[in-house]
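The structure appears below as structure tokens.
In the text below, chain A, chain B and the rest are named by the order of the sequence lines, each starting its count at 1.
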Amino acid sequence: MSAKNDQLRKIARTLLAEGKVKYFLGNVRGADGFSSKPTTARTPEEANEFVWDPSCVNNMASYLHEDKKRVLKRGEEPDTRPIGIFVKGCDSRSVALNIQEHIFEREQIYIVGATCEGVVDVPKLKKAWMKRGLPVAATNTLQLSINGDEVIASFDGKQEKFAKDDVIMQRCKVCRYPNPVIYDELIGEQVEPKPDAYPDLEEMEAMSPAERWAFWTEQFSTCVRCLACRNVCPACYCRECSVQRSNPAFGPRTTPTEKMAKAQFSNKTPTMEDNFNFHMSRMYHMTGRCTNCGECNRVCPVGIPLRLLTRKMDKDVRETYDHESGLDTEPKNLLAEYDDDDPEGGFL
Amino acid sequence: MTTYKISKDKMNELLTSIKGYDVYVPTEMGDKFQFRVMKDAGDAKLGYSQSAKPPKDVIFPQNEVLMNYKIQPNGFDVENSLDHIGKFVIFGIRNCDARALKYLDTQMLNGKYVDPYYAKRRENTTVVGLACNSPLYNCFCRSVGAGPHHKEGHDVHLTELDDGYLVEVITDKGKELLANSMSLLAGSSDADTSKQAELKQACEAKFVRKIDVKGNDKRMLDIFESDYWRDVSDGCIGCGICTLLCPTCFCFDIQDIGSRKEGQRVRVWDSCQYPEYTMHASSHNPRPGKKERQRQRFFHKYVYSYKNNQMLGCVGCGRCINQCPTQIDIIDVIEGVKNVKEGSE
Ligand code: SF4
Ligand code: SF4
Ligand code: SF4
Ligand code: SF4
Ligand code: SF4
């Protein structure tokens, strides 16, 4: 595991020292050993803090967009060097999607990919840790690794083993792309993908429409509309969002025409209608684009299982159109493709 | 203050005997706990750790209709919702969250600027506190003036013992709440009180995290312009979870919703983490990025609040740490101020 750390650090250090990337996006240790923290390294020294272990839950592709949103200071020349980024299998699809959609060109991103056996579900692991009555203070020096079906936590020369299925993210249990689909450099050996199946959807699909309605009504009733699920999403990059929380119908770049035409899809009020409105709008905007990295599900502070929606969408899109987003960099977009010979008169 | 005891199997009966109030109790939702209006006493999970959302929303709802309006041929009708505010109980609130209500009072009931909606809900709410016997990993209430067994701001205080709950009735409001339930309560013994003291000590010994705030406010002002604030907020995605779910955050926005003929004026929570929060009509934004916005959060809680009200704007519940999607840790940030090399700027 530490060999992987060293490999990542060395690559990032070299890229930064040689000035090949303007900065490098990766993870450093969080306050406790269960979690890691997304960060931007601007110097080789900072890159020396990087970690690559099962605590690296963050999809760093979400941070690419900041580069586009940053307003240059007066007289500042844009830095045209690529952005360095660390990606796991699932994250690499998000990067590929951004290239497919021409948000970035391939050469604007230097991708360091890592093959991945799964990352931990931090709250679950914490709970398991507490339940076994393990020393809480030890989490400061914790090191995580995965060995076969076990997640191993090492601390103070001791080892504690957890069944992988109990403590890793749900997304990793059904991961079909543990190996990056696109990269400039690769860390790790190829990992066996999980079978193509949707066991996680069975329960919801078995519900009647009325039961489903009741289920989602209860779930959305606690949504605080923080929009963390949107902010963290690597496929959400609009400068202004149609469900923006605030009323002012403008941002720094809004033109007068845009101000007039600006539609407010849902009010800021977290009522049931607006919550449904927000989530349904977001899902429509994700159809055929979402790569199922599962980040929205992870960040939700009130535990709404948003991944049930994104996975269902993924399944339906695959069954209906045989389309899967973010697998390569060729421009391909399910709902924005146009063909002159299309039997339907209009297109989206 | 009078102290009683109730056995665990009678707790549901006690909850059911409370009449004429909306009783908010901790309930289970998936992996998390949430305060919700009790429909059935069996929903109450008094063994809960911490609710995802603090129960501040009983008194300061996230979505509060202030008035309904309707335009008529000759004039208009306004219905002020102040006239329809009922009575509430927050049953089983943790001390950090109860103390946060006291902090909110300093903002909302401040001298001549009294918020009538808040004031009425506050007045109509009875607070039943529940002592913590086991802190979560990121709890640090003890460092910021609260504590797992503190009773500040409680009308009734419960402590879970092995064979029941110790019930301390502290205020008249508390007495009134339990007036119908007295037959369920028994007297308490000295053994119960000493057990309570024992639990308190045992709980306090379990705290892992702490923060030393002395002198930090001055130091923070010294390094206001430092790159330190850029570095600590590096991973922030600006979601505002750390403020929306913070029991002491009170920022709000007012929205008019409806058509020209009729509609509602609604108050909704807002957060200094959103770009629109400080956006000027000219499109200029004095807090343009996450550095400035996160800095505001830390300064409001640890510098300005203390200066204005002699009370920190943080009660140490740890929610912003537990729930931040990007591991930004307020304890590390405030403690880290001590190690910033730069001097006064
Ligand atoms: S979904 Fe796959 S690639 Fe992503 S973290 Fe889990 S195992 Fe790794
Ligand atoms: S992250 Fe959760 S609470 Fe926040 S807007 Fe999304 S669904 Fe709602
Ligand atoms: S919860 Fe974390 S990511 Fe979200 S605004 Fe607060 S500090 Fe930023
Ligand atoms: S300014 Fe920010 S930190 Fe202060 S109360 Fe408002 S939302 Fe909370
Ligand atoms: S700042 Fe964080 S720890 Fe302090 S009261 Fe708010 S949510 Fe709790």
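Nearest heavy-atom pair, A:Val224 versus B:Lys53, reported as atom, atom and distance to 0.1 Å: CG1-CD, 3.7 Å.
The contact list for residues 26-39 of chain B toward chain A, using heavy atoms and a distance under 4.5 Å, reads B:Met29, B:Asp31, B:Lys32, B:Gln34, B:Arg36 by residue number. Residues from residues 232-241 of chain B that place a non-hydrogen atom less than 4.5 Å from a non-hydrogen atom of chain A comprise B:Asp234, B:Gly235, B:Cys236, B:Ile237, B:Gly238, B:Cys239, B:Ile241, given in numerical order.
Heavy-atom contacts from other residues, nucleotides or ligands closer than 6.0 Å to NZ of A:Lys131 number 12 or fewer. For B:Lys45, the NZ atom sits in a packed shell: over 12 heavy atoms of surrounding residues, nucleotides or ligands are nearer than 6.0 Å. More than 12 heavy atoms of other residues, nucleotides or ligands sit less than 6.0 Å from atom CZ of A:Arg42. Heavy atoms from other residues, nucleotides or ligands lying under 6.0 Å from CD of A:Glu76 number more than 12.
Interface residue A:Ser36: only backbone heavy atoms are found under 4.5 Å from chain B. No part of A:Cys229 comes within reach of chain B, as not one of its non-hydrogen atoms sits under 4.5 angstrom from that chain. Neither the backbone nor the side chain of B:Arg319 comes within less than 4.5 Å of any heavy atom of chain A. For chain B, the nearby part of A:Met130 is the side chain; its heavy atoms alone come within less than 4.5 Å. Contact annotation for B:Lys290: only side-chain heavy atoms (C-beta onward) come within less than 4.5 Å of a heavy atom of chain A. Both the backbone and the side chain of A:Glu218 come within contact range of chain B, judged by heavy atoms closer than 4.5 Å. Proximity to chain A (any heavy atom under 4.5 Å) is restricted, for B:Asn138, to the side chain, taken from C-beta onward.
Note that the OG1 atom of A:Thr40 and the CZ atom of B:Arg230 stand 8.5 Å from one another [nearest 0.5 Å]. Distance check, rounded to the nearest 0.5 Å: NZ of A:Lys37 to CG of B:Asp332 gives 6.5 Å. Summarising the geometry, atom OG1 belonging to A:Thr269 is positioned 8.0 Å from atom CD belonging to B:Gln264; distances are rounded to the nearest 0.5 Å. Here B:Asn322 contributes atom CG and A:Lys126 contributes atom NZ; the two are 6.0 Å apart, rounded to the nearest 0.5 Å.
Interface remark: of the candidates B:Gln323, B:Glu64, B:Lys206, B:His284, B:Gln323 forms the most heavy-atom pairs closer than 4.5 Å to chain A. Taking A:Thr39, A:Asn231, A:Val299 one by one and counting their heavy-atom pairs under 4.5 Å with chain B, the maximum is reached by A:Asn231.
A:Asn275 pairs by the side chain to side chain contact (heavy atoms under 4.5 Å, CB included) definition with A:Phe220, A:Cys223, A:Arg225, A:Pro270, not counting sequence neighbours. With sequence neighbours left out, A:Glu160 forms a salt bridge (charged side-chain N to carboxylate O under 4.0 Å, His left out) with A:Arg132.
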